[in-house]
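These notes concern the structure reproduced below.
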Amino acid sequence: MYISLMQANKKHPVFLYILPFFVLILIIGIPLLYGHMRAEAIQLDFKGVVDSVSYSEKDEPTVSIGGKSFVLPVNFWDFNKQIEVGDSLVKHKNSLTIEIIKKNGTVIIKN
C-alpha cells in the first residue's frame with residue numbers, strides 16, 4: 001500500500017521537526033569539522049627521512065620522522081602509497097604543500 005509523504009506527515013508530524021534539525025546539523029557540522037581538520041593539517045611542520053610508514057584502511061599514511069609520528073589526512077593529500085621508508089618529507093607550518101623526495105632523488109609535490 002502506497003502512502004504519500006503528506007499522509008505520512010499527518011500521522012507522524014514529528015518527522016517535520018526532526019528532518020530539518022538533522023539537515024541543519026549537517027550544514028553547520030560538516031564545514032566546522034573540515035575547518036578543524038584543515039587547521040590541524042596546516043599546523044604540521046616536519047622535515048626529515050621517513051623512519052617508518054603505515055597506511056590505514058583509507059590509505060591514510062602515518063609516518064615517523066625523527067622519532068615523531070605524523071598522521072597525514074587523505075582529505076588534503078592523495079599519496080597513493082607513494083611514501084616509503086627512506087624517503088624524505090618536507091612540510092612547513094602554515095602551508096598544505098608536502099614535498100616527497102624519493103630515495104632516487106625524484107621530487108613529488110602534493111598540495
Side-chain angles (χ1 to χ4, degrees):
M1 180 171 152
Y2 174 75
I3 298 175
S4 73
L5 187 57
M6 293 304 291
Q7 290 172 342
N9 288 341
K10 288 179 185 175
K11 292 182 181 179
H12 304 288
V14 175
F15 173 77
L16 292 173
Y17 300 106
I18 293 175
L19 183 62
F21 176 72
F22 283 114
V23 170
L24 184 63
I25 287 175
L26 288 175
I27 290 172
I28 294 172
I30 290 174
L32 285 176
L33 180 61
Y34 181 82
H36 177 72
M37 289 174 20
R38 186 175 189 279
E40 285 183 357
I42 284 177
Q43 293 302 311
L44 290 175
D45 186 43
F46 51 81
K47 179 179 183 177
V49 177
V50 176
D51 300 321
S52 68
V53 61
S54 62
Y55 290 89
S56 70
E57 291 178 7
K58 298 187 307 183
D59 287 338
E60 187 171 76
T62 300
V63 297
S64 176
I65 299 173
K68 294 183 181 179
S69 291
F70 303 94
V71 177
L72 307 177
V74 293
N75 300 37
F76 305 106
W77 304 288
D78 184 16
F79 293 105
N80 295 320
K81 295 190 176 182
Q82 293 174 309
I83 301 172
E84 300 173 335
V85 173
D87 293 345
S88 295
L89 295 181
V90 179
K91 160 77 176 69
H92 298 288
K93 190 174 181 177
N94 298 322
S95 171
L96 283 176
T97 301
I98 292 182
E99 293 179 34
I100 304 169
I101 304 155
K102 303 297 287 179
K103 291 178 270 191
N104 66 6
T106 304
V107 177
I108 302 170
I109 296 176
K110 298 290 185 174
N111 51 5

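- The cationic atom of Lys81 (NZ for Lys, CZ for Arg) lies less than 6.0 Å from the six-membered ring centre of Tyr55 and within 45° of the ring axis.
- For the atom pair Ile98 CD1 and Ile108 CD1, the distance stands at 12.0 Å (nearest 0.5 Å).
- Between the side chain of Lys47 and the backbone N or O of His92 there is no donor-acceptor pair closer than 3.5 Å.
- How far OG1 of Thr97 is from CH2 of Trp77: 9.0 Å, rounded to the nearest 0.5 Å.
- The CG atom of Asp45 sits 8.0 Å away from atom CZ of Phe70, with the distance rounded to the nearest 0.5 Å.
- Between the Lys91 side chain and the Ala41 main chain, a donor and an acceptor come within less than 3.5 Å of each other.
- For Lys102, the NZ atom sits in a packed shell: over 12 heavy atoms of surrounding residues, nucleotides or ligands are nearer than 6.0 Å.
- Partners of Lys93 according to the salt bridge (charged side-chain N to carboxylate O under 4.0 Å, His left out) rule, which considers only residues two or more places apart in sequence or in another chain, do not exist here.
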Please report the C-alpha distance between Val53 and Val85 in whole Å, then the side-chain angles of each, then the deciding distance to 0.1 Å, and finally whether the side-chain contact (heavy atoms from CB on, under 4.5 Å) criterion is met.
CA-CA 6 Å; Val53 61; Val85 173; 4.2 Å; yes
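- Qualifying side-chain contact (heavy atoms from CB on, under 4.5 Å) partners for Ser64, counting only residues two or more places apart in sequence or in other chains: Asp51, Ser52, Ser69.
- The hydrophobic cluster containing Ile101 does not contain Leu96, counting ILVMFWY residues as joined when their side-chain heavy atoms lie under 4.5 angstrom apart, directly or transitively.
- None of Asn104, Thr106, Ile100, Val49 except one satisfies the side chain to side chain contact (heavy atoms under 4.5 Å, CB included) rule with Asp87; the exception is Ile100.
- Follow the hydrophobic side-chain contacts under 4.5 Å out from Phe46 and you never reach Val71; the two are in separate clusters.
- Placement of Ile42 and Val74 in two distinct hydrophobic clusters is found when ILVMFWY residues are connected by side-chain heavy-atom separations under 4.5 Å, directly or transitively.
- The cluster map of Ile, Leu, Val, Met, Phe, Trp and Tyr, joined by side-chain heavy atoms under 4.5 Å apart, puts Ile83 and Val90 in different clusters.
- Cluster membership for Leu26 and Phe21, using ILVMFWY side-chain heavy atoms within less than 4.5 angstrom, is not shared.
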